[in-house]
Q: 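Sharing a structure here in structure tokens format.
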Amino acid sequence: MTAPIRKVDLLDTGPRFTAADAARLNARFAGAATGDWLATVLREGLVGRAAAVSSFGAESAVLLHLVAQIDPGTAVLFLDTGKHFAETLAYRDRLVAQLGLTNLQVLVPDPETMARRDANGLRWSYDPDGCCEIRKVAPLAAAMAGFDASITGRKAFQAATRANLPRFEIDTTDAAGRLKVNPLIDWTAEDVAAYFAAHDLPAHPLVAQGYPSIGCSPCTSKVAPGEDPRSGRWKGWDKTECGIHVPGAGDGELPPGFDPVF
């Protein structure tokens, strides 16, 4: 008697989502209130395993409050670069406790990579892209291997690079086909302020000191009234994003013979 042929198990190595999937989600939830469509997306698992990525910066409390109201056990990824303001770390702990978030995941740079590429901790001063690569991009990429989608706090009014983003888009930082979900992309600065007031959310302590966008302390400056909210980030450099939201980030290495000037 001939033994039955065993069915071969095939691994699906294709992308998790496609541009068509993102388009369908954008069409389905067009015009829907943020809290309503985000609740449907998370509760029905429409984007698979999702994690909120938060800097616990100036406006982060809005996204985190929305997520906490839906599922406080949602993973919240925080990149601890080792260069944050002390106020940011204290604010992170305060928000986590106040909002009842139960799945904060603190991501840190790889120690061996740091010893090899930024032993003196000054890479930010001569190669901010490389600094962001090893302190933010690489740790987040490793963590996202366990998720199908990231939830961001990006808003169109923050910068020209974010002006035309949709609610759902394909993450182009790699070929995995993850989704990026941008619940606040169509919110105005007034919407954000109104939400803070309506839900009595605490402000980041540095906002009152002139920091409307807050990242790592060496690369964050105060912003004058009327300036782009993100103009204080990497001031003096041709750089507007840390790299976690853009494709083609480098490997953190400098060209041969590069001589940094401090």
Side-chain angles (χ1 to χ4, degrees), residues 22-23 25-44 46-47 50-72 74-79 88 91-92 95-96 98-101 104 136 140 144 147-173 178-204 206-207 211-215 223 228-233 240-242 244-246:
L25 287 168
N26 280 313
R28 174 176 175 179
F29 295 111
T34 303
D36 294 339
W37 69 256
L38 184 60
T40 299
V41 165
L42 293 181
R43 288 171 179 161
E44 295 185 9
L46 299 183
V47 297
V53 180
S54 180
S55 65
F56 287 84
E59 298 161 348
S60 296
V62 173
L63 177 66
L64 294 173
H65 184 270
L66 285 166
V67 168
Q69 298 306 298
I70 299 165
D71 179 6
T74 300
V76 176
L77 309 184
F78 172 72
L79 291 156
T88 294
Y91 186 59
R92 175 198 65 190
L95 277 183
V96 167
Q98 181 170 324
L99 301 180
L101 296 165
L104 174 68
K136 292 184 176 182
L140 181 60
M144 284 304 300
F147 297 97
D148 303 307
S150 59
I151 307 169
T152 87
R154 292 182 294 173
K155 306 161 199 72
F157 72 81
Q158 290 175 320
T161 53
R162 301 180 175 189
N164 298 306
L165 295 176
R167 288 177 168 179
F168 300 89
E169 61 178 326
I170 296 298
D171 185 342
T172 58
T173 56
R178 296 183 186 86
L179 280 175
K180 281 193 176 180
V181 184
N182 306 311
L184 308 179
I185 198 61
D186 54 359
W187 284 40
T188 65
E190 291 73 23
D191 292 332
V192 172
Y195 195 93
F196 262 89
H199 297 281
D200 195 25
L201 297 175
H204 191 297
L206 291 179
V207 170
Y211 295 89
S213 181
I214 303 162
V223 173
D228 186 310
R230 287 178 63 83
S231 65
R233 305 290 293 278
T240 58
E241 298 280 356
C242 67
I244 64 173
H245 295 305
V246 295

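As a basis for the values below, the full set of heavy atoms in this structure was taken, side chains included, without hydrogen atoms, waters or symmetry mates.
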Q: Atom CG of L79 and atom CG of L77: how far apart are they, to the nearest 0.5 Å?
A: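 Those atoms lie 7.5 Å apart.
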Q: Kindly compute the distance separating CG (L99) from CG (L104), expressed to the nearest 0.5 Å.
A: 11.5 Å
Q: Could you state the interatomic distance from CG (L66) to CG (L63), rounded to the nearest 0.5 Å?
A: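 L66 atom CG to L63 atom CG measures 6.5 Å (nearest 0.5 Å).
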Q: Using the side chain to side chain donor-acceptor pair (under 3.5 Å) definition, which of the options D186, T34, N182 pairs with R167?
A: D186
Q: For the CE atom of M144 and the OG1 atom of T173, what is their distance to the nearest 0.5 Å?
A: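 The distance works out to 8.0 Å.
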Q: One pair to check against side chain to side chain contact (heavy atoms under 4.5 Å, CB included): L46 and R28. What are the steps and the verdict?
A: CA-CA 12 Å; L46 299 183; R28 174 176 175 179; 3.5 Å; yes
Q: I need the minimum non-hydrogen distance between S150 and V53, along with the two atoms involved.
A: CB-CG2, 4.0 Å
Q: Would you call the rings of F56 and F78 parallel, tilted or perpendicular, where under 30° means parallel and over 60° means perpendicular?
A: perpendicular
Q: Looking at every non-hydrogen atom in both residues, tell me the closest pair between D148 and V47 and how far apart they are.
A: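 Smallest interatomic distance, heavy atoms only, reads CB-O, 3.4 Å.
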Q: To check you understand the geometry: which heavy-atom pair defines the closest contact between A61 and P202, and what is its length?
A: CB-O, 4.4 Å
Q: Give the ring-plane orientation class for H65 versus Y195, where under 30° counts as parallel, over 60° as perpendicular and anything between as tilted.
A: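 If you compare the ring of H65 with that of Y195, the planes turn out perpendicular.
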Q: Do the non-hydrogen side-chain atoms of R43 and D71 ever get within less than 4.5 Å of each other?
A: no
Q: Can you find a heavy atom in the side chain of L25 that is under 4.5 Å from one in the side chain of L179?
A: yes
Q: Does any N or O in the side chain of K180 come within less than 3.5 Å of the main-chain N or O of R178, such that one atom is a donor and the other an acceptor?
A: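 Side chain of K180 to backbone of R178, a donor-acceptor pair under 3.5 Å: no, none is there.
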Q: Do you know which two heavy atoms are closest between V76 and S54, and how far apart they sit?
A: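 Heavy-atom minimum between the residues: CG1-CB, 4.2 Å.
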Q: Calculate, to the nearest 0.5 Å, the distance between atoms CZ and CD belonging to R154 and E59 respectively.
A: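 Atom-to-atom, R154:CZ and E59:CD are 14.0 Å apart.
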Q: Could you give me the CA-CA distance, side-chain angles and deciding distance for L95 and L101, then say whether side chain to side chain contact (heavy atoms under 4.5 Å, CB included) is met?
A: CA-CA 8 Å; L95 277 183; L101 296 165; 5.7 Å; no
Q: Looking only at heavy atoms, which two atoms of A52 and T74 are closest? And how far apart?
A: N-CG2, 4.4 Å
Q: Please report the interatomic distance CZ(F29) to CG(L38), rounded to the nearest 0.5 Å.
A: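 Output value for this atom pair is 9.5 Å.
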Q: Please give me the minimum heavy-atom distance between L42 and A50, naming the atom from each residue.
A: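 Residues L42 and A50, closest heavy atoms: CD2-CB, 4.1 Å.
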Q: Is the shortest side-chain heavy-atom distance between P183 and I151 below 4.5 Å?
A: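 Of all side-chain heavy-atom pairs linking I151 with P183, at least one is under 4.5 Å.
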Q: If we ignore hydrogens and angles and just use 3.5 Å, is the side chain of Y91 paired with the main-chain N or O of L206 as donor and acceptor?
A: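 No.
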